[in-house]
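For reference, the structure discussed in these notes is given below.
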Amino acid sequence: MDLLTASFSEISAAVREKKVSAVEVTKFFLNRVNRLDQHLNSFISRDETAVKQAESIDQRILRGDSVGALAGIPFGIKDMICTKGLRTTAASKILENFVPPYDATLVERLRGAGAIVLGKLNQDEFAMGSSNETSAFGLCKNPWNVEYVTGGSSGGAGAAKASRLTAGTIGTDTGGSIRQPASFCGVVGVKPTYGRVSRYGIIAYASSLDQAGPMTSYVSDAALTLEVICGRDPMDSTTSNQAVQAYSQNLTSNLTGLKIGLLKEFLTEGLDSEVNKAVDDAVAAAKRMGAEIVEVSVPLTSLSVPIYYLIAMSEASSNLARYDGIKYGYRAPTEGSRELSLEEMYSKTRGVGFGSEVQRRIIIGTYCLSSGYYDAYYNKACQVRRLLKNQSDEAFKKCDVILGPVSTTPAFKIGDRISDTMAMYLNDIFTTSTNLAGLPGMTVPFAISSKRLPIGIQLTAGHFQEQTMLNVGFALEQNSLSKGERPNVY
Ligand code: GLN
């Protein structure tokens with residue numbers, strides 16, 4: 001079996017049938033991390049227990065115990081997600097030595113299904129960014145061309161998956177952080193419906209928007225991973241009771257009877273011509289597979305970036321108040337023999353521990369929440385968000401899935417946008433409305449630009465319509481123009 005191209009179900013079946021051991025699979029990927037990550041910087045921490053975890057899966061199989069659907073599949077986990085006994089930094093100096101005493105629910109579920117944790121992946125600091133350039137552990141490079149960004153904030157997850165340093169990765173998506181790096185790195189990435197995956201143990205950025213999801217080589221791998229990580233969790237009261245479907249069993253590329261919507265507001269003139277062409281080609285492919293194409297409109301999409309940044313920064317300023325040098329991670333040292341006052345300690349800890357983008361967002365978010373401004377900013381943004389959700393509910397009465405671009409351009413060069421904050425925020429123009437409306441969204445790799453950079457297609461669906469969305473993804477995957485293309489770092 002070629003472990004570079006095998007699907008999750010092929011690997012786990014081979015592990016269960018003892019054709020290959022979980023230890024062999026794990027060592028195969030660990031060797032790749034050792035050999036290739038020096039070119040990318042996609043890992044922040046390696047899990048030294050990976051081989052031991054694999055041994056215990058192999059022993060369970062030898063004893064005849066049942067092992068789960070992901071038996072022996074190595075995963076890299078974004079460093080926003082708590083892993084028991086394994087450092088979890090959110091790519092921030094303020095958490096550089098934080099070792100969680102528990103696993104996030106989704107990690108517990110992955111382990112329960114037999115998956116192996118290889119390590120923790122690079123990202124923008126506290127998931128704030130669209131290029132992975134704000135990490136306190138150094139930026140992560142795009143494996144297709146190391147002069148380009150991976151996208152963000154789950155850049156390490158995109159890069160590690162694209163280069164096959166691990167079989168699967170898990171990212172988080174608050175405003176596009178799974179879908180945009182998936183597009184820039186040429187992998188599948190799924191952000192589930194809000195409430196589908198437990199947020200327990202995920203470091204909070206903007207709690208009303210955050211969701212975690214898989215980044216994989218194939219749609220079927222993402223579907224299988226979702227079956228494991230989705231579902232009600234008593235530790236997260238926003239998780240839904242709705243039953244989780246057997247997504248991977250029900251995949252079909254026959255789109256007959258499905259209506260695919262083209263969002264008027266997404267077909268803007270500012271779109272790069274190659275991205276535009278990829279969208280046209282994807283529409284043609286969807287038609288060939290039986291879908292009917294309709295035009296839909298969600299006028300408030302035009303306000304999604306300002307609404308998103310108001311809400312995300314406000315919630316972040318509140319969530320990040322806990323990092324004060326007392327309970328977690330980094331604390332500013334005393335100055336010689338002089339003890340700092342409490343207030344000095346707070347302000348030095350936060351001034352040194354947080355990077356500049358995180359500080360900017362805490363300051364703006366605090367302003368938006370302060371008395372006198374709350375109604376004008378945070379509250380107003382929440383009201384417009386509700387109207388946006390209503391409009392998108394209407395749009396999904398006219399179609400099953402919306403197809404469009406993930407980003408206006410393929411990956412951009414390292415350094416190109418980092419000092420232009422507005423340009424960086426405008427990256428999220430096609431991804432934030434999905435989070436604001438709480439909808440599922442995904443990226444399917446579809447084309448390659450003339451500079452040999454990947455271009456993904458974005459799909460979104462109504463609440464809890466993951467299966468329909470995955471089916472369209474599955475159909476596009478079979479028609480993908482980037483099939484068989486490999487990144488340079490491979
Ligand atoms: N780029 C967006 C931001 O900076 C989205 C990040 C995310 O989804 N975590 O907030």
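Indexing begins at 1, ligand by ligand and atom by atom, following the structure's order. Computed from a prediction, not measured in an experiment: that's the story for all the values here.
Remark: the backbone N or O of G152 is not paired with any side-chain donor or acceptor of N132 at under 3.5 angstrom. A donor-acceptor contact shorter than 3.5 Å links the side chain of T83 to the backbone of L86. Of the possible donor and acceptor atoms, none in the side chain of Q180 sits under 3.5 Å from a partner among the backbone N and O of T431. Looking at T349, its side chain does come within 3.5 Å of a backbone N or O of A332 through a donor-acceptor pair.
Listed by chain and number, residues touching ligand 1 at under 4.0 Å (heavy atoms only) are A127, M128, G129, S130, S153, D173, T174, G175, G176, S177, Y205, Y308, Y309, R361, D428.
Residue pairs meeting the salt bridge (Lys or Arg N to Asp or Glu O under 4.0 Å) criterion with at least one partner in residues 454-463, sequence neighbours excluded, are absent.
In this structure the side chain of K78 reaches within 4.5 angstrom of the side chain of S154, judged on heavy atoms.
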